[in-house]
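This report concerns only the one structure given below.
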Amino acid sequence: MRGSVSPDTRPPEPAGARAERALRAVPLLRGLTAERLRAVRDGSVPRRYAAGEVLRAAGEPAERLLLLLDGRVAATVVSAAGRVVRVGAWPGPCALDKVAVIDGRGHTATFTALTPCTVRALPRAGFLALVDDAAAVRGHVLRTLAAQAREQQTRFTAAATLPTPARLAAWLLVEAARLRSARVPLPGGQQPLADQLGVTRVTLNRALSGLRRDGVVTYARGEVEIVAPELLALRAAPAPR
């Protein structure tokens, strides 16, 4: 019959092959040989997490490297004043909190699932063996540590010197570039973003209202649309006084 489609008679992909394909998508593991990737698959434990479920708590022994295969996870810490501060959010595939697993001093933050997540947990000994023996993994870890150090320096400088509108503008530009879209959803609303930027919700709302009033962005239903990216870039780097 014209237009008919033959049924797909290909056998289903074996579960082991699916797991290896998912692991290969994790940037940390892309350079591994097939043999080493199978060893990671066989040595790791799969688990699913529901949205809102805590994967690991800050300070908890980092005995396994969490390989996030799909979903999105947020990291939070508690400040000395008792405030919960959101320090980042990451979509899978990625490896979470590699530093904590390397130094063995406990997880650096509390990692919470923002969406349903699929994870494989690789024992610390297996991860450290990869770092020691696999040049691709070792290089990735070194690049990650360097990027984290640079990001931390930038964050400290911003917290000490940049006004809230500039911090907000910079965050919007980074997220827009990551999403490749002028529409940027706020991570759970204004409060989590205020925590991430190190300001109060009232201060963030005031900065957001200022950008909207000046025609730089629009804001509705938890989503910011960048209307004037050139002006937003200028707000992200205010002229020195």
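Residues L114 and L186 are members of separate hydrophobic clusters, defined by side-chain heavy-atom contacts under 4.5 angstrom among Ile, Leu, Val, Met, Phe, Trp and Tyr. Neither L172 nor V227 shares a network with the other; the hydrophobic side chains, linked directly or stepwise wherever heavy atoms of I, L, V, M, F, W or Y lie under 4.5 Å apart, form separate groups for each.
The heavy-atom pair separating V26 from A95 by the smallest distance is CG1-N, 4.1 Å. Heavy atoms only, all atoms of each residue included: G215 and A228 are closest at O-CB, 4.1 Å. The shortest heavy-atom contact between A100 and G106 is CB-O, 3.3 Å. For P93 against P27, the heavy-atom pair with the smallest separation is O-CD, 3.4 Å. Considering every non-hydrogen atom in both A113 and A50, the closest pair reads CB-O, 3.4 Å. I226 and V217 get closest at one heavy-atom pair: CA-CG1, 4.2 Å.
Here CG of L168 is found 11.5 Å from OG1 of T203. Values are rounded to the nearest 0.5 Å. Put simply, CG on D132 and CG on L130 are 9.0 Å apart, with the number rounded to the nearest 0.5 Å. Atom OG1 of residue T200 and atom CD of residue Q190 lie 10.5 Å apart, to the nearest 0.5 angstrom. Atom CG of residue L37 and atom CZ of residue R24 lie 4.5 Å apart, to the nearest 0.5 angstrom. Distance CZ/R201 to CG/L208: 10.0 Å, rounded to 0.5 Å. Between D195 atom CG and L204 atom CG the span is 9.5 Å, to the nearest 0.5 Å.
Among residues at least two apart or in separate chains, salt bridge (charged side-chain N to carboxylate O under 4.0 Å, His left out) pairs with a member in residues 214-227 are R183-E223, R183-E225, D214-R235. Note on residues 111-123: no pairs pass salt bridge (charged side-chain N to carboxylate O under 4.0 Å, His left out), not counting sequence neighbours. Among residues at least two apart or in separate chains, side chain to side chain donor-acceptor pair (under 3.5 Å) pairs with a member in residues 64-75 are D70-T118.
The hydrophobic cluster containing L68, built from Ile/Leu/Val/Met/Phe/Trp/Tyr side-chain heavy atoms closer than 4.5 Å, also comprises Y49, L55, L66, V73, W90, L96, F111, V119. Through direct or indirect side-chain contacts shorter than 4.5 Å among Ile, Leu, Val, Met, Phe, Trp and Tyr, V54 is connected to no other residue. Here V202 sits alone; no ILVMFWY side chain lies under 4.5 Å from its own, so it joins no hydrophobic cluster.
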Begin from the C-alpha positions of V40 and L32 and carry the test side-chain contact (heavy atoms from CB on, under 4.5 Å) through to its verdict.
CA-CA 10 Å; V40 172; L32 292 183; 4.1 Å; yes
Given side-chain contact (heavy atoms from CB on, under 4.5 Å), test R36 with T33 step by step and report yes or no.
CA-CA 5 Å; R36 279 197 173 275; T33 64; 3.5 Å; yes
Begin from the C-alpha positions of T110 and V77 and carry the test side-chain contact (heavy atoms from CB on, under 4.5 Å) through to its verdict.
CA-CA 6 Å; T110 295; V77 297; over 6 Å; no
Could you walk me through whether C117 and T115 pass side-chain contact (heavy atoms from CB on, under 4.5 Å), step by step?
CA-CA 6 Å; C117 294; T115 66; 4.3 Å; yes
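Of the candidates L69, L122, L28, L23 forms a side-chain contact (heavy atoms from CB on, under 4.5 Å) with just one, namely L69.
In this structure, E53 does not pair ionically with R48, as no charged nitrogen and carboxylate oxygen lie closer than 4.0 Å.
R124 places a side-chain N or O within donor-acceptor distance of the main-chain N or O of I102, the cut-off being under 3.5 Å. Side-chain atoms of R212 do not come within 3.5 Å of backbone N or O of T218 as any donor-acceptor pair.
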